[in-house]
Amino acid sequence: MATFFAPHLYLKAVADGIAFYQAAFGAFERRRWSNPDGSVHVAEMAIHGALFHLHEERAEAAQLSPQTLGATSAQVGLFDDDPDRLFASAVDAGARVVSPMQDYDYGYRQGVVADPFGHQWLLQKAIHSPRPDGQTS
């Protein structure tokens with residue numbers, strides 16, 4: 001098996017996250033685990049094969065949502081062939097623009113949106129190939 005990242009995003013209501021990520025990014029729900037009351041405890045999601053998990057926040061484990069914290073401590077970087085499409089779709093679904101989509105001299109086209117739960121998504125693609133010395137051409 002290859003090594004890859006699968007971020008876990010903490011939310012107050014996982015079902016709301018499932019609906020948003022499906023609308024914003026075309027995410028696919030792979031599977032879910034529900035609580036006895038029918039609410040969703042965990043959902044395993046994928047965006048074009050990129051795996052991530054949604055979890056109910058757990059105060060006892062200090063696994064809190066950005067809504068509870070009033071801030072975020074990380075961005076989810078998502079590479080896609082058409083980040084502009086994802087950016088527009090996310091905004092249409094209710095995300096807030098943090099940084100508009102633009103080309104940067106270090107070789108990436110990037111923009112940042114915050115989802116309705118406070119998680120920030122860095123939507124991006126490489127626009128210049130790296131040179132062997134690590135610089136962009």
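One-based numbering along the sequence shown.
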Results of side-chain hydrogen bond (donor to acceptor under 3.5 Å, both in side chains) for D103 - residues two or more places apart only: R109
For the student: nearest non-hydrogen atoms of L78 and A50, plus distance: CD1-CB, 4.3 Å
Side-chain donor-acceptor distances from residues 2-17 under 3.5 Å, at least two apart:
residue	atom	partner	partner atom	Å
H8	ND1	H55	NE2	3.0
H8	NE2	H53	ND1	3.3
Y10	OH	Q63	NE2	3.4
K12	NZ	T68	OG1	3.3

side-chain contact (heavy atoms from CB on, under 4.5 Å) against Q102, all qualifying residues, sequence neighbours excluded: S99, P100, Y104
Shared hydrophobic cluster, V42 / I47 (ILVMFWY, side-chain heavy atoms < 4.5 Å): no
Whether over 12 other heavy atoms sit under 6.0 Å from D92 CG: yes
Beyond-backbone contact of L123 with V113, side-chain heavy atoms, under 4.5 angstrom: yes
Which residues share a salt bridge (charged side-chain N to carboxylate O under 4.0 Å, His left out) with R96, sequence neighbours left out: none
Non-hydrogen atoms of Q67 and P116 that approach each other most closely: NE2-O, 3.8 Å
Ring pair (Phe, Tyr, Trp, His ring centres under 6.0 Å) partners for F28, two or more places apart: none
F52: partners by ring pair (Phe, Tyr, Trp, His ring centres under 6.0 Å), with sequence neighbours left out: Y21, W121
Contacts of type side-chain contact (heavy atoms from CB on, under 4.5 Å), residue A93, not counting sequence neighbours: F20, A23, A24
Q22: partners by side-chain contact (heavy atoms from CB on, under 4.5 Å), with sequence neighbours left out: I18, E29, M45
Those residues that, when tested against D37, pass side-chain contact (heavy atoms from CB on, under 4.5 Å) (two or more places apart): N35, S39
Other ILVMFWY residues reachable from L122 by side-chain steps of under 4.5 Å: V98, V112
Reported NZ-to-CZ distance for the pair K125 and F79, which is rounded to 0.5 angstrom: 12.0 Å
ILVMFWY clustering at 4.5 Å (side-chain atoms), partners of L69: L64
Residue pairs involving residues 38-47 (criterion salt bridge (charged side-chain N to carboxylate O under 4.0 Å, His left out); sequence neighbours excluded): R30-E44, R31-E44
Atom pair CD (Q124) and CE (M101), whose distance is rounded to the nearest 0.5 Å: 9.0 Å
Shared hydrophobic cluster for F87 and Y108 (ILVMFWY, side-chain gaps under 4.5 Å): no
Verify same cluster id: V91, F25 (apolar side-chain graph, 4.5 Å): yes
